[in-house]
Amino acid sequence: MTAFKSDFLNVLKERGFIHQISDAEGLDARCAAGPITAYVGYDATATSLHIGNLISVTMLYWLQQTGHKPITLMGGGTSMVGDPSFRDDQRALLTMEKINENIAGIKRIFGRMLDYGDSATGAVMVNNADWLMELKYVEFLREVGRHFSVNRMLSFDSVKLRLDREQSLSFLEFNYMIMQGYDFVELNRRHGCILQMGGSDQWGNIVNGIDLAHRMEQKQLYALTTPLLTTSSGAKMGKTATGAVWLNADVFSPYDFWQYFRNTEDADVERFLKIFTRLPLDEIARLAALGGSEINEAKKVLATEATAVVHGREAADEAAETARKTFEEGALSENLPTVEVPAAELAAGIGLLSLVVMAGVGAPHGGVRRHIKGGAVRVNDKVVSDDRMTVDATMLADGVVKLSLGKKKHVLVKAG
């Protein structure tokens, strides 16, 4: 299909969000005919969403901007089981208290990106614990479970890969796809929802919901998934040397978030501008056309605009200014990421190799040694040549020690 009739699908196509649609022509016709309701589900496995989730939240944003109604589904019930999709082992089981704590943390991101309210397109937040935790097991098996073919469930890649590796798939996990399929049916009953969106790894689970709605309700529902996002070098997006790129400021600072996008590979700039910013496509085309060293200016725009989406304009501008002062003026900024170490340890002295790893600036000791040999490690802006150097309290300047790796990684170490 070269072009869609609906603004929503055209926007998603132009910005690179679409991987698969269950019935593209049918969904396009429904979107063009008037407002639809669509949802994305988020299990509460951590206190924050990560950058992979940002793609689906952004799809909900464009859904709302083109005149439709988004639902953010909190997985209070499904998180009790855990999604086994493409995992090698079972997730750790969470208590309801921990799940509720995680949901409270996750909710913080949505208010910046979606407009919740009573209008026709106002976003709605619901929790699948409201219906899943009230189900009666035998009745659920009779009314819902009978519509699922075990043969077909075993054929889905998310299950097949686990079994092909001869790794156990528990009965608890096997029920996850039934629960997610039932979520779609329940959201259609309660909110008239006809579209579920998610990452490409969720295709099988979403299609199960479509099939279940057809069998139970004689309803036509739809699926839309995004491609697995990788960098041009083939790496999975959203991982750093210190872990995942989280969306909440208390677990991944706005400055670190800005730096993550500032370090985007040249070949990915245009694609990431389309996906992670709200910039018009003609402005994105202009930025993508910059060549040579000018591409760095496009990366700064990408970093600032993506950070503004997640953390707000003020935090984005502050992160950009911190970076400018640090890299262009060599100044020490209080807005750099800060790591606390026990005061007693700093007083006694900490080996530089251990401190760099502890601060998350560099890889394990061998990698740090190579950086030192190459002149890339600095303490308080002075190049270090001795990998046996000790950092102690006498090096504190304005109460902190500044550790740097290359031109882009800086951390302030202070006594805790």
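Keep in mind that the numbers below use all heavy atoms, side chains included, and drop hydrogens, waters and symmetry copies.
Using a 4.0 Å cut-off between charged nitrogen and carboxylate oxygen, Arg190 and Asp130 do not count as a salt-bridge pair. We find that Lys373 and Asp387 are not joined by a salt bridge, their nearest charged nitrogen and carboxylate oxygen being 4.0 Å or further apart. With respect to Arg313 and Glu305, a salt bridge is recorded, a charged nitrogen being found less than 4.0 Å from a carboxylate O.
Side chains of Ser253 and Asp256: a donor-acceptor N/O pair is present below 3.5 angstrom, by distance only. Judged by distance alone, the side chains of Gln202 and Asn205 do bring a donor and an acceptor atom under 3.5 Å apart. No donor-acceptor contact under 3.5 angstrom links the side chains of Tyr255 and Thr307, judged on distance only. Side-chain contact, Asp7 with Trp62: no donor N or O sits under 3.5 Å from an acceptor N or O. Residues Thr37 and His191 bring no donor and acceptor atom of their side chains to less than 3.5 Å of each other. A donor atom on one side chain and an acceptor atom on the other are not found under 3.5 Å apart for Thr47 and Asn102.
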Apply side-chain contact (heavy atoms from CB on, under 4.5 Å) to Trp258 and Thr304, showing your working.
CA-CA 6 Å; Trp258 191 95; Thr304 302; 2.9 Å; yes
Could you walk me through whether Tyr39 and Phe184 satisfy the ring pair (Phe, Tyr, Trp, His ring centres under 6.0 Å) test, starting with their C-alpha distance in whole Å, then the side-chain angles of each, then the deciding distance to 0.1 Å, before giving a yes or no?
CA-CA 9 Å; Tyr39 90 99; Phe184 203 173; 5.6 Å; yes
Applying side chain to side chain donor-acceptor pair (under 3.5 Å), run through Glu265 and Ser232 and close with a yes or a no.
CA-CA 7 Å; Glu265 297 174 30; Ser232 58; 2.6 Å; yes
Residue pair Tyr61, Phe110: steps toward the ring pair (Phe, Tyr, Trp, His ring centres under 6.0 Å) verdict
CA-CA 10 Å; Tyr61 167 84; Phe110 294 114; over 10 Å; no
Any chance you could lay out the side-chain contact (heavy atoms from CB on, under 4.5 Å) test for Arg324 and Thr322, step after step, and finish with the verdict?
CA-CA 5 Å; Arg324 187 190 68 78; Thr322 298; over 6 Å; no
Run the side chain to side chain donor-acceptor pair (under 3.5 Å) test on Thr226 and His19 for me, step by step, so that the C-alpha distance in whole Å, both residues' side-chain angles and the decisive distance to 0.1 Å come before the verdict.
CA-CA 5 Å; Thr226 60; His19 178 62; over 6 Å; no
Could you go step by step and tell me if Thr231 and Asp268 meet the side chain to side chain donor-acceptor pair (under 3.5 Å) rule?
CA-CA 7 Å; Thr231 65; Asp268 293 325; 4.6 Å; no
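By the 4.5 Å heavy-atom criterion applied to side chains, Leu403 and Leu355 are counted as neighbours. Contact of the Arg262 side chain with the Asn296 side chain is registered, since non-hydrogen atoms from C-beta on lie closer than 4.5 Å. Using a 4.5 Å heavy-atom threshold, the side chains of Leu135 and Tyr182 count as touching.
With sequence neighbours left out, the ring pair (Phe, Tyr, Trp, His ring centres under 6.0 Å) criterion links Phe257 to Phe261, His311. Remark: Tyr222 pairs with no residue by the ring pair (Phe, Tyr, Trp, His ring centres under 6.0 Å) rule, at least two apart or across chains.
For the pair Asp392 (side chain) and Gly349 (backbone), a donor-acceptor distance under 3.5 Å is absent. Under the 3.5 Å distance criterion, the side-chain polar atoms of Asp43 are left unmatched by any main-chain donor or acceptor of Thr45. Gln64 places a side-chain N or O within donor-acceptor distance of the main-chain N or O of Asp115, the cut-off being under 3.5 Å. With hydrogens and angles disregarded, a donor-acceptor distance shorter than 3.5 Å links the side chain of Asp28 to the backbone of Lys5.
The distance from the CE atom of Met237 to the CZ atom of Phe276 is 4.0 Å, given to the nearest 0.5 Å.
When all heavy atoms of Ser6 and Cys31 are compared, the pair lying nearest together is CB-CB, 3.5 Å. For the residue pair Asn208 and Met177, the shortest heavy atom distance occurs at ND2-SD, 3.5 Å.
Of the listed residues (Thr264, Asp266, Asn263), just one forms a side-chain hydrogen bond (donor to acceptor under 3.5 Å, both in side chains) with Lys299, and that residue is Asp266.
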